[in-house]
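Report on the structure given below.
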Amino acid sequence: MDSSSTAIHASVLHCLADPDVCGSEAIQYIPEGTLLIADGHIVDCGTRESVSVPRHAEIMHLEDKLLLPGFIDTHVHYPQVDIIASYGSQLLEWLERYTFPAESRFHDIEHASDTAGFFLDELLRNGTTTALVFGTVHPESVDAFFDAALSRQLRMICGKVMMNRHAPTELLDTAESSRHDSQALIDRWHGRERLGYAVTPRFAPTSTPEQLTLAGALLDDNPGVHLHTHMAENADECDWVHSLFPQAEDYLAVYEQFDLVRRRSVFAHAVHLPGNAWKRLAAAEAAVAHCPCSNLFIGSGLFDLRSAQKHGVKLGLGTDIGGGDSFSLLRVVNEAYKVQQLQRHTLTAEYALYLATLGGARALDLDAHIGNFEPGKEADFIVIDERSTPLMTRRMTNEPDWRNRLFTLFMLGDDRSVQQTWIMGKPAHTRQP
Ligand code: GUN
Ligand code: ZN
């Protein structure tokens, strides 16, 4: 085991709790701080005077930089990298026109490996250290993804899409083959190093009731795996779901009917849900991935963050690449802020930081391992340059309030603000000047 320690002197900012519930006590900002790491984990985090640094430790002086926990992307599709920023469609047409053709290539393991490597390096460039990721219907797509994540020592969750109707033939599995292939992938990958598996029915319209039943059986048979799907993203999609499942009172009820709404279930979008759905999601300890870049880019709608927050629903942020148009969680927060502005609700910088870090970790049930700088957690974090562009330098200068600087970072920052990304206590990405 590598027992060498590293002490980084820098400003440090992280969440100890949900600022919406615990107020200002939830956030720790240490302007002259020290982060001490050893064996890939956090040993201590505090003021320079309070952290006792071992004599043999390597010391890094990053006093003009800000350390944040790595960002967590709670909903993203790695096979959609090549269709990011595709013009002119909303969800159902966008799937037919761009998504399904792109996903059809992932039976080819070389294409899958190449795309997975590019995707993971792009996450690191943007400061994202953990993600909940869609593969395609092909089991090979998940093998390629996990291989690439393993070689980078990343904490990642992925799953094979289950989809047995309403898509091109070459992208369909069957209820039985999807159960068999998912189980084989779980046996091969789940719990290996920092990898986890998500049972991944695409969304209600592309699975028969039989397949959704088997998705529930997979969850029963494999405690600890996640459920990852889409829900109530677009108005036409919701009408379609109503015509396919007329007996269900709403979209969430379809998933409830198949016992898919549980702890470790993550539903992307939830833009068009009736008011009483929030209570049911919270009671089930299920999570929602809010994806504002995608909701705006493919014109899906405005997420009701206030209701989700009020009911205590677990929430994270997602890029939803390729429906979303940026890998950067900073850009996602920028759009999340505007989506709330349009609804006369103000997203604070502190709550945005929570959503991008500890909130995302809680949404993925990974907060025992990641999400902040508590001793014992995995040392996945980022080094932020608050002055990464001339405009940011100008705006940050003479701004003494860290909350205003954090807000400015969210509004003006992007991959250029991420100077380094550290994985398990080692630099995995360094931005070239
Ligand atoms: N709903 C079903 N499939 C998809 C997808 O690939 N992307 C998004 N954004 N929504 C979906
Ligand atoms: Zn999606």
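When a ligand or atom number is given, it counts from 1 through the structure's own listing order. Because only heavy atoms are used, hydrogens play no part in the values below, and waters and symmetry mates are left out as well, while side chains stay in. Keep in mind it's a predicted model, so treat the numbers as computed, not measured.
- Remark: among candidates H230, M163, R202, M231, the nearest residue to atom 1 (N) of ligand 1 is H230, based on non-hydrogen atoms.
- Among the candidates L123, L132, L150, the single residue satisfying the side chain to side chain contact (heavy atoms under 4.5 Å, CB included) test with M156 is L123.
- With the Zn ion (ligand 2) as the vertex, atom NE2 of H230 and atom NE2 of H75 span an angle of 90° (nearest 10 degrees).
- Atoms of ligand 1 found under 4.0 Å from any heavy atom of D320, numbered from 1 in the order shown, are 8 (C), 9 (N).
- In this structure, T389 and L412 have side chains that are not in contact, with every pair of non-hydrogen atoms separated by 4.5 Å or more.
- Within the 3.5 Å criterion, the main-chain N or O of A148 finds a donor-acceptor partner in the side chain of R152.
- Under a 3.5 Å cut-off, the side chain of E96 and the backbone N or O of L92 do not form any donor-acceptor pair.
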Exercise. Kindly indicate, with the supporting measurements, whether the criterion salt bridge (charged side-chain N to carboxylate O under 4.0 Å, His left out) is fulfilled by D365 and R263.
Key: CA-CA 8 Å; D365 204 33; R263 190 184 177 94; 2.9 Å; yes
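- Taking all heavy atoms of H269, H75, E233, E103 into account, the minimum distance to atom 10 (N) of ligand 1 is reached by E233.
- Residue contacts with ligand 1: E237 is excluded, as none of its non-hydrogen atoms falls under 4.0 Å.
- Between T99 and ligand 1, not a single N/O pair is under 3.5 Å apart.
- Looking at L13 and L66, their side chains come closer than 4.5 Å, going by heavy atoms from C-beta outward.
- Of all the N, O or S atoms in D320, the one closest to the Zn ion (ligand 2) is OD1.
- Between H190 and Y197, the distance from one ring center to the other does not fall under 6.0 angstrom.
- Contacts of W94 with ligand 1, taken as heavy-atom pairs under 4.0 Å, involve the side chain alone.
- The distance criterion of under 3.5 Å between nitrogen or oxygen atoms is met by Q80 with respect to ligand 1.
- Taking a cut-off of under 4.0 Å to the non-hydrogen atoms of H77, the atoms of ligand 1 that pass are 5 (C), 6 (O), 7 (N).
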